[in-house]
Every structure is written in C-alpha cells, then in structure tokens.
Asks: 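Below is a structure I'd like to ask you about.
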Amino acid sequence: MSGHLSSEVVARARELVALYPHPRSALIPVCHLAQEQEGWLSPEAVEEVAEIVGLEPAEVVGTASFYEMLRTEPVGTYVVSICTNIACMLRGAYELLEHAEKVLGARAGATSADGMFTLEDVECIADCGRAPCLSVNYRFFGDVTNERFDALVGDLRAGRLGDEVPAHGTLVRVRRDGGLRVDDDTIAAERRAASDAAAQRAASRGSGAGQAAGT
Amino acid sequence: MAITEAPRIVTSRIDYEDSHTLERYLATGGYDGLRKALAMAPEAVAAEVDAVSLLGRGGAGFPAGRKWSMLRKAPTTYLVVNGDESEPATFKDHLLLERDPHQLVEGAVICAYAIGASRVFVFVRGEFALGLERVQQAVNEAYSHGALGRDIFGSGFSVDLVVHPGAGAYICGEETALLESLEGKRGFPRIKPPYFPASIGLYGEPTVVNNVETLSNLPWVLVNGSEQYNALGEGRSTGTRLFALSGHVRNPGVYEVEMVKTTFRDLVYAPVLGGGIPGGRDLKAFIPGGASAPWFGPSQIDLPLGQDEVAAEGSMLGSGSVVVMDSSTCIVRAAWRITRFFWRESCGQCTPCREGSGWLEKILRRIEDGQGRESDLDLLMDVCDNLSPGVSWPPQQTTICVLGPSIPSSIASGIRMFRDEFLVHVKDGVCPFD
C-alpha cells in the first residue's frame, strides 16, 4: 500500500526516521507529518506510516489513539480548543465555551455543519496568564471575551488569518535544517546499544516470567 | 513588600521583541557559558553544577547535579529535555521555549558535555506549535553557528540535538512515560524499580531527563559561578525560580523571583507582581504548586517560596504554579474541575487511578449539581483513601506513577478546609454560587 501520502511527505518522513537510533521513535513525528495532508490519520495514511516506521497498522493506531492530537477521525478545517481547566474556569471559560457552542452551532467535541470548525473543551494549554484562552490549530489566543471570539471566528471564516493559523494538521512550519552532523560511527554505536538493551530486556523478562507485574 | 534585587537568570532577555533569535542571543552574552564549559573538563562542569543546589524545576524538585551523578557508566548516554509542560496552570516552560529557545539549547549542550551524552532529544509538548517552531529555528541556527553538531566551537566535542513533538497527553510529563512516548509507544509510565532513567532510560540506556527551566539556568551558572548562584535564595532552595501565577489576581503571568526571600504574599499582592485580588475580594484559598498539590488558605500566605518550607506545611512547590481563588469561588466546582482533569488524563494502567478518578468526578459533579448526599463526603474520602491510604502528604503510593495518588489533593483540601460549603450544596440541593 503506497501512493496515498505525497512523495514529499514520504521523503520528509524517511528523514525523520533517520534521526533516531530506533525507527519506531519517529512514529509520533511521522504521524504529525502524515496529518498535514488531510488533517487526520486516514486508514490509508496509517498503512503508509506503518510501512515507513516498520510497524503493523494496528500498532500505529494502538499508539496514535492514546494521544489527543493524533486524529483517527476527520476534523474541521479549524480545531478550536477552549481550555476549561481551573485557571481558565476561574476567569469565565465555561461561559466562553457556551458562547462558542452557540456561535459555531456545534457542541464541544463536534464539528460544525459546514465542516469548518471542530470545537473542543480541552485541558490546560499553558497560557493561563491570558485566561480564558483557546487555541485554533494550536495557535494561541488569550484574554478571549465573547466579542473577541466572534471577531476571531469572523477572521477565520474570511480567511484573514491564513499565515497565523495554518490549516489543521500543519504543526511545525520550520523544518530541520539538514540531517545529523555527528559521525556515522556514533549513530552505529547508538543503534547497536539500542538493540543490545532491547535483547537484554527481553531476556530478563523471560527469566522473570510468572512474577506478578504492575498493580 | 520584600521584592529582592536578585538578577533575572532565565528571563533576562524576554522583554526584547526578538529574544528568540540568535542575533539577540549573541548580543546578550549568549553561548558564553557553553564556551566556558568547553574549556573545562566535563567532570569540572558537572562539579560546578553539583555545587549549586539547582532543584529540578519540573515538579519533583530533585537536585540536577545529583541526577547527573547517578548515571550508570555506559558507552551510550542520552539527555532528554522534558518540555512537556502540562500540569494545570503551569505555563513557564511554554514562555522559555517560545521566548528564549537558544538559552535552552545552550543549557542542554552544557549538560550533554558534562555527562558525555551523544544525543539530546528535546521533547516539546505537541500543542506548543510556536514553541516547536522557535526551538527548531534555534537548533538550526545553533548548528550553523557551530554550537551544535560536530566539533562544537572547535573543542572536539560533538553532539546532535533532535526536537521531538509530543502529541497531547499529560502523563508524558512523567519521565518514564515520556521515554516510552519518545520510543514511539503509548505514554505508559514504567514500572519501578528501576526508579531512575539514569540507570535504565531511553532504549534501556542511561539517560538524564531534565526540565526546560532547570537546563535554562546552566548558562548563567557557568558564566557567573556556583557561588553567585548559591548566594541567592536560602537553604536548599537557591537561585531564582519562575512562578506561574493565575486565577483571581490583577496581573496573572510568569514571574522570576528569588526563592525563599519572596513569599506567596509578595507574589499575589505586590504591585509589580500579581497586583492583588480584583474587586477588593478576599483570598479564599490558593494552590501553591500545581493541580497535584494540596491547597493552602489565607493563614499560609506569608510562607516563603521555598521547596522545603512549603513541604513542611504539607504541600509542595511542585511545578511552580500558583492559582489564586477569591471569595467568589465555589470550592466544590474547583475540586470537581481538577478531578475531571485527572480522570481525563489517567493513562488507565492502574485500577485505583483509572476507576477512582472517574467515580470521584461523578460524585463531585452530583454534589455541585445539587444531587449530592451527606454521605458523599465520607464516600469521597473513602475513595481517596483507596487511591492513597491515609490521604496524607506526601501521598502513599498505590500506582505505578504519582499521578494517581495526587488526585485526592484538591478533594481532601476542599473537604478539610470548607466542609460546610459541601454540606450547603447537599442541604440546599443547589450550588450557592450559581
């Protein structure tokens, strides 16, 4: 299965894999990258991601589904994430969320009928100095009043924030400038160490079989 | 008010519009600390850092120098920077990542040199899109400036740095969960022992995991020396520290103040800091160190901002986030919201946390909605006791990581400090603040 992700995305994904001593480490960065294409991880994208990092598709979904930012279902062009955690709640976040639901015509967790906005009620996004705050496609806006929210939605609808708020899926616009600069011997040594450690762990798990683990 | 004249160590250049650029960084003494470090033996750099009481700024407060000294000797060693700032109301690393990324890169390379790391991974919270871009830009600039990569500043020391985005999971701030995530897996905290990644860390290799703010202190320490650093603060809490102040204050924000010499009162009320509570309302309670920390009341407002001083009063300075709640705050709602956070963010590995958080959230919600029973107060404490026997501080451990046993903090604080307010909700069948 290939050809779904653009050749540019695949090339960049392979560069990411080369950054790590163990290819699986690149899984989350590659998922972010794959999301740039459609805004979410479609089954087709998952298959290609799996091939790139050397996993089964089920392993990709099994990991991706743990993380809020990795989407296994389509989302709107703009993901509006309103923080309602303690610092924002004390400064009116739930009132803002209620207003946003009315304005966008979508409850928290849902997407507006025109497919433009997905509204989320999220945990602390670490901008509490400007509470209540929200992010649109992970770009932050603080001290949000109902009026400012309306203006923001107007700007987004009119496409006035194209530079500031890229389409959903594009997380980082600054690319790593070049590859590894440390010599190949170091990288080879890291890879050897990683596989030795994995083998050692597997061996010690084998000898400890039957012991209770965890809670 | 006793606001000290201490220098700003990690926020010295954030007032510049272009504080994130290499140009500004070099114009303000940037990379001088690294040059100085590279002229010393790695052991001497480690000794200099060990000589300062640099308590980890991520939440646990473990001395950075000691963490480094615990590293198992092995051919391959990693440094992982924990930039997964997600503790509710903590927003100081977010600031450092966006506004002074070179300072972090410099601190990370100093650490890598001291511990002999071959590779640095900077794990940045995924939601910090601008932070990720700024750090990547700084890394690119550092490579072309010769501060990263092969033969740094002609010293013969080489190290690579990879910026790694998270993907939205509070638990990945826990260092072993972070390592799992960095290995491309679900962010499940690892079973202890081994307690420290210093012996078995990333890919099973010895690994130092340090917080963004912790490492951002290093350039200053190298340039100015451990003596000057230790002259600030008191006891084990030396230097300055970033405090993220939020909630009911006039000027919420991140403030860098001298430890111990500054008090919670200074932070909340000083005109140049929090500026007091708006509307002349009274202080009801405050959280001294993140959502996991037990709450304090007005009688503890004069406590100094010091790790051991706060611990002695039964809470923690934790991640350095202070949330102020004034007299208009519904305590039940506040406790419910924090509990809801833990319920949503529990990784699900351990039964007490996975199940307990959900039940606590439901019970608190029904009290807030006016459907509670008087017996719910005992029920809440009983569930808390199952999460952490005795519901004391520091909490007894029942789970793989400390997230679970932190859940009772807000509930136990709420009930112990404001029992009557819970009872009014039950008796009146409605929230008195609605």
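Note: hydrogens, waters and symmetry copies are ignored here, and every other heavy atom, side chains too, is used.
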Asks: Examine distances only and state if a side-chain atom of A:R139 and a backbone atom of B:A129 form a donor-acceptor pair shorter than 3.5 Å.
Replies: no
Asks: Mind telling me whether A:Y20 and B:F121 have parallel, tilted or perpendicular rings, with 30° and 60° as the class edges?
Replies: parallel
Asks: Ring-plane angle category for A:F66 and B:F188, please: parallel below 30°, perpendicular beyond 60°, tilted otherwise.
Replies: perpendicular
Asks: Hey, does the side chain of A:R91 reach the backbone of B:G247 with a donor-acceptor pair shorter than 3.5 angstrom?
Replies: yes
Asks: If I measure from the heavy atoms of chain B, does A:H32 come under 4.5 Å with its side chain, its backbone, both, or neither?
Replies: side chain
Asks: Please state whether the side chain, the backbone, both or neither of B:Y170 comes within less than 4.5 Å of a heavy atom of chain A.
Replies: neither
Asks: If you draw a 6.0 Å radius around CZ in A:R107, do more than 12 non-hydrogen atoms from other residues or ligands fall strictly inside?
Replies: no
Asks: Looking only at the side chains, is there a donor atom on one of A:E190 and B:S118 sitting less than 3.5 Å from an acceptor on the other?
Replies: yes
Asks: Within the distance-only criterion (no hydrogens, no angle test), does the side chain of A:T63 pair as donor or acceptor with the backbone N or O of B:K185 below 3.5 angstrom?
Replies: no
Asks: Go through the atoms of B:V162 and report whether side chain, backbone, both or neither lie under 4.5 Å from a heavy atom of chain A.
Replies: both
Asks: So which part of A:V122 gets closer than 4.5 Å to some heavy atom of chain B, the side chain, the backbone, both or neither?
Replies: backbone
Asks: With rounding to the nearest 0.5 angstrom, report the CZ to CD1 distance, B:F128 to A:I125.
Replies: 9.0 Å
Asks: Where does A:A193 contact chain B at under 4.5 Å (heavy atoms): side chain, backbone, both or neither?
Replies: both
Asks: Hey, is B:E133 close enough to A:R173 for a salt bridge, meaning N to O under 4.0 Å?
Replies: yes
Asks: Name the region of B:V254, side chain, backbone, both or neither, that has any atom closer than 4.5 Å to a heavy atom of chain A.
Replies: neither
Asks: Quick one: what part of B:R125 sits under 4.5 Å from any heavy atom of chain A, side chain, backbone, both or neither?
Replies: side chain
Asks: Salt bridge check: are A:E59 and B:R186 linked by an N-O gap of less than 4.0 Å?
Replies: no
Asks: What part of B:S328 gets within 4.5 angstrom of chain A, counting heavy atoms only: side chain, backbone, both, or neither?
Replies: neither
